[in-house]
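Have a look at the structure below before the remarks.
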Amino acid sequence: MKKILILNGPNLNLLGKREPGIYGNQSFENYFKGLKNIFSDVELHYFQSNHEGELLDKIHETGFSFDGLVINAGALTHTSVALADALSAVPMPAVEVHISNIHKREAFRHHSFLSNRCHGMICGLGLQGYELAVRYLLDLDAKPVTIT
Ligand code: CA2
């Protein structure tokens with residue numbers, strides 16, 4: 001069974017509780033239950049932390065044995081060289097996801113330290129971005145070439 005990790009960074013534990021205009025009104029835990037039903041033949045793991053070191057530890061722990069990573073590093077996306085280095089250090093393929101369209105927001109959100117370590121980035125599609133990213137990672141074996 002394939003193993004995919006969804007990793008959420010700082011403040012994403014507040015999903016569904018604050019700022020519904022930007023991030024929607026569903027908690028990630030609730031959304032994740034639905035994802036597990038959709039991908040019932042996949043070992044889908046979810047980890048959220050507000051601490052950069054814990055996110056790094058999780059990437060190290062899973063990066064040599066999991067088949068894929070869906071990462072929304074929250075605001076650390078725009079600041080963390082350490083997370084970028086961790087993604088480079090492991091063979092696990094990663095897709096970056098943002099719930100909001102970071103390019104329609106403040107200029108400081110337009111740059112991501114993670115994008116060039118990921119196969120691709122999905123933003124602005126709400127929580128559906130996570131499902132699309134999981135689908136991409138599951139189909140990766142079947143893809144003859146990786147588009148760069
Ligand atoms: O759009 C995204 O998914 C972001 O990664 C979310 C981050 C933000 O810093 C990035 O620029 C874009 C912020 C996560 C905060 O999540 C909240 C959720 C509900 C209520 C308040 C914050």
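Hydrogens, waters and symmetry mates are skipped; everything else that's a heavy atom, side chains included, is used. When a ligand or atom number is given, it counts from 1 through the structure's own listing order.
- Judged purely by distance below 3.5 Å, without hydrogens or angles, the side chains of Tyr130 and Asn8 pair a donor atom with an acceptor atom.
- You'll find the side chain of Ser49 stays beyond 4.5 Å of the side chain of Lys58, heavy atoms only.
- Among all non-hydrogen protein atoms, the one lying nearest atom 4 (C) of ligand 1 is His98 ND1, 3.7 Å.
- Only side-chain heavy atoms of His78 come within less than 4.0 Å of ligand 1; its backbone N, CA, C and O stay farther off.
- Under a 4.0 Å heavy-atom criterion, Thr77 is not in contact with ligand 1.
- Near Glu19, with a cut-off below 4.0 Å to any heavy atom, the atoms of ligand 1 are 21 (C).
- Between Ser100 and ligand 1, a contact under 3.5 Å exists for at least one N or O pair.
- Between Phe32 and Phe28, the ring-plane angle classifies as parallel under the 30° and 60° cut-offs.
- At a 4.0 Å heavy-atom cut-off, ligand 1 does not touch Ile22 at all.
- Of all protein heavy atoms, the one closest to atom 16 (O) of ligand 1 is Asn11 O, 3.4 Å.
- Close approach of ligand 1 to Arg18 (heavy-atom distance below 4.0 Å) involves ligand atoms 19 (C), 20 (C), 21 (C).
- Within 6.0 Å of CG on Asn116 lie more than 12 heavy atoms contributed by other residues, nucleotides or ligands.
- The shortest side-chain heavy-atom distance between Leu114 and Ile71 falls under the 4.5 Å cut-off.
- The aromatic ring centroids of Phe113 and His78 lie 6.0 Å or more from each other.
- Atoms of ligand 1 lying under 4.0 Å from at least one heavy atom of Leu15, given by number and element, are 18 (C), 19 (C).
- When non-hydrogen atoms are compared, ligand 1 lies under 4.0 Å from the backbone of Ile99 as well as from its side chain.
- When non-hydrogen atoms are compared, ligand 1 lies under 4.0 Å from the side chain of Arg109 (C-beta onward) but not from its backbone.
- Atom-to-atom distance recorded for Asn25:CG and Asn30:CG is 10.0 Å, nearest 0.5 angstrom.
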Run the numbers on Asn50 and Glu52 for side-chain hydrogen bond (donor to acceptor under 3.5 Å, both in side chains), then give the verdict.
CA-CA 7 Å; Asn50 292 323; Glu52 188 174 16; over 6 Å; no
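- Of the protein's heavy atoms, Tyr23 OH, 3.4 Å lies nearest to atom 13 (C) of ligand 1.
- Every atom of ligand 1 with a heavy atom of Ile102 under 4.0 Å away is listed here by number and element: 12 (C).
- Ring-centre distance between Phe108 and His110: not below the 6.0 Å cut-off.
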